[in-house]
Engineer: 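Input: one structure, supplied below.
All ligand and atom numbering here is 1-based and tracks the order in the structure. Here the structure is a predicted model, which is why all the values come from computation and not from measurement.
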Amino acid sequence: MILPALAALLALAPYADAHSWVEQLTVIAPNGTFVGIPGYARGNYLRTTAGFSDTSMTYLLPPSTRANTTLLLPSDKLCKDTQQDQTQSDGSPRLQASAGAAIALRYQENGHVTLPQNQPGKPKNRGTVYVYGTTQPKVGEKLLDVHGAWTADGTGGDGRGVLLSTQNFDDGRCYQINSGEISETRQQKYPHQASQLTGADLWCQQDIQLPTTIPSGKLYTLYWVWDWPTAPGADPTYPQGKTEIYTTCMDVDVQNTAADRQKVDDIYATGQDLNKAAIPSEFDHLSAQQIPVESQAATSASPTSTSAAGPKEKATVTAWHTVGKTVTVTQDATVTVDAGQSGETS
Ligand SMILES: *[C@@H]1O[C@H](CO)[C@@H](O)[C@H](O)[C@H]1NC(C)=O
Ligand SMILES: *[C@@H]1O[C@H](CO)[C@@H](O)[C@H](O)[C@H]1NC(C)=O
């Protein structure tokens, strides 16, 4: 017989050291439902791959070997070594999508949402997830050339790419099954049938829209950056605080020029199966966004001088979000919470 307290501990234990990456990309139909064949990151390892472990897919910056826990270097690569090239592994094809398509990037919360007590000093929104896009990726791409540099209008940094999306890591719904209060509340509020892929967990997602102007036949690169800092003084292990960033690098095979998606009157179907449904609050504002492809005149502008978000987005900020050099995208950070949600995200 297992004591209840021990059972609770056992339930929490597996999540302590697990981290997150984009496990799957899916096109979202205008009614908010996932459609078509899913795609995967560069050099993907499925969880069913022989020899798989979390470190097959996680990529941490700064590396844990760096003595200064808040220091990012200009030489730090944005993509994991196994994700430098635009190649796919067997059984993990690239997503195919039209220009202008809405796409869900899904990841597992691994307790970072439902067991916030496991890591002291982390932001209430469980960190911020950014997606940058470009038709001109580089092998050896540097984190700081992109993150905090590229902007929504395409004029930031070296002008090769754009900031497509800024969201809370906690999408307001996602959970893994554990006995924590957040998980138990969400299990009640967002029930779904266990699926072979996700089990009884509800994966997190970041819903983005591809630029409408990507030429057909091009690969479009997406850089997902999860910025999850520890505040100074909150965790005795990291008195100076800790910069903690994870990335996933992906490409999308753009197959058709979009009908102007801005004109599509998206109607999110209510009551749909949560295993394959977009997050309404994230999805709803996609259709109103104007997204440029990267600017032709790659004039380097100060990242502070541009607006990183569309007019509908709220300017809510994670207080002490800093990344090495000047990351002021926070002024435009999008914090969207489902209507009817409260208290779970900042
Ligand atoms: C660690 O890096 C940060 C960020 O660059 C810097 O401000 C700080 O002075 C560094 N700390 C030490 C002890 O070198
Ligand atoms: C949404 O649209 C897709 C594609 O047309 C369709 O397959 C799906 O059944 C629709 N979902 C709902 C909930 O109506």
Side-chain angles (χ1 to χ4, degrees), residues 24-39 60-78 95-104 106 121 123 127 142-149 157 173 190-193 195 197-198 202-203 205 207-210 225 227-245 255-256 258-261 263-284 286-287 303-304 318-330 338-339:
Q24 209 178 74
L25 298 81
T26 323
V27 172
I28 309 168
N31 59 8
T33 302
F34 299 163
V35 288
I37 299 165
L60 169 66
L61 289 162
S64 54
T65 49
R66 191 164 299 160
N68 185 334
T69 55
T70 62
L71 182 63
L72 290 169
L73 297 172
S75 56
D76 286 334
K77 287 184 192 155
L78 196 166
L95 183 70
Q96 302 203 346
S98 304
I103 289 175
R106 286 198 296 163
K142 303 299 187 287
L143 176 76
L144 294 177
D145 288 349
V146 172
H147 186 42
R173 290 185 166 188
Y190 301 111
H192 67 109
Q193 289 249 304
S195 75
L197 179 66
T198 68
L202 188 62
W203 285 6
Q205 61 185 285
D207 299 335
I208 66 162
Q209 185 182 351
L210 298 180
V225 177
D227 202 339
W228 192 49
T230 301
D235 183 338
T237 318
Y238 309 110
Q240 315 306 317
K242 186 183 182 201
T243 300
E244 188 168 359
I245 290 175
Q255 288 295 1
N256 293 295
D260 185 354
R261 197 174 173 281
K263 297 206 182 81
V264 175
D265 202 6
D266 290 336
I267 305 285
Y268 185 92
T270 52
Q272 55 181 309
D273 177 0
L274 299 185
N275 284 327
K276 43 181 189 169
I279 300 293
S281 60
E282 294 190 19
F283 183 68
D284 285 350
L286 292 181
S287 50
T304 56
T318 305
W320 31 264
H321 170 70
T322 55
V323 184
K325 61 177 191 181
T326 40
V327 173
T328 35
V329 275
T330 47
D338 285 355

Engineer: Please list, in number order, the atoms of ligand 1 under 4.0 Å from a heavy atom of Leu71.
Structural biologist: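 Those qualifying, in numeric order: 2 (O), 5 (O).
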
Engineer: Compare all side-chain heavy atoms of Leu78 with those of His147 and state whether any distance is below 4.5 angstrom.
Structural biologist: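 No, too far: nothing below the 4.5 Å cut-off.
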
Engineer: Could you tell me which residues satisfy salt bridge (charged side-chain N to carboxylate O under 4.0 Å, His left out) with Lys77, sequence neighbours excluded, listed by chain and number?
Structural biologist: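 Testing Lys77 for salt bridge (charged side-chain N to carboxylate O under 4.0 Å, His left out), a comparison that skips the adjacent residues, returns none.
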
Engineer: Residues two or more places apart in sequence or in another chain: which of them pass side chain to side chain donor-acceptor pair (under 3.5 Å) with Thr33?
Structural biologist: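 Residues passing side chain to side chain donor-acceptor pair (under 3.5 Å) with Thr33: Asn31, Gln272.
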
Engineer: Are the side chains of Phe34 and Gln24 in contact, using a 4.5 Å heavy-atom criterion?
Structural biologist: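 Side-chain contact under 4.5 Å: no.
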
Engineer: How about NZ on Lys276, more than 12 heavy atoms from neighbouring residues, nucleotides or ligands closer than 6.0 Å, or not?
Structural biologist: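 12 or below, so no.
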
Engineer: One pair per line, please: each N/O atom of ligand 2 matched with every protein N/O atom under 3.5 Å away, atom names first, then the distance to 0.1 Å.
Structural biologist:
{"from": "ligand 2", "atom 1": "2 (O)", "to": "Asn31", "atom 2": "OD1", "distance (Å)": "3.3"}
{"from": "ligand 2", "atom 1": "2 (O)", "to": "Asn31", "atom 2": "ND2", "distance (Å)": "2.3"}
{"from": "ligand 2", "atom 1": "11 (N)", "to": "Asn31", "atom 2": "ND2", "distance (Å)": "2.9"}
{"from": "ligand 2", "atom 1": "11 (N)", "to": "Thr33", "atom 2": "OG1", "distance (Å)": "3.1"}

Engineer: Return a table of donor-acceptor pairs under 3.5 angstrom between the side chains of residues 231-241 and protein atoms on other chains or two or more places apart.
Structural biologist:
{"from": "Asp235", "atom 1": "OD1", "to": "Thr237", "atom 2": "N", "distance (Å)": "2.9"}
{"from": "Asp235", "atom 1": "OD1", "to": "Thr237", "atom 2": "OG1", "distance (Å)": "3.0"}

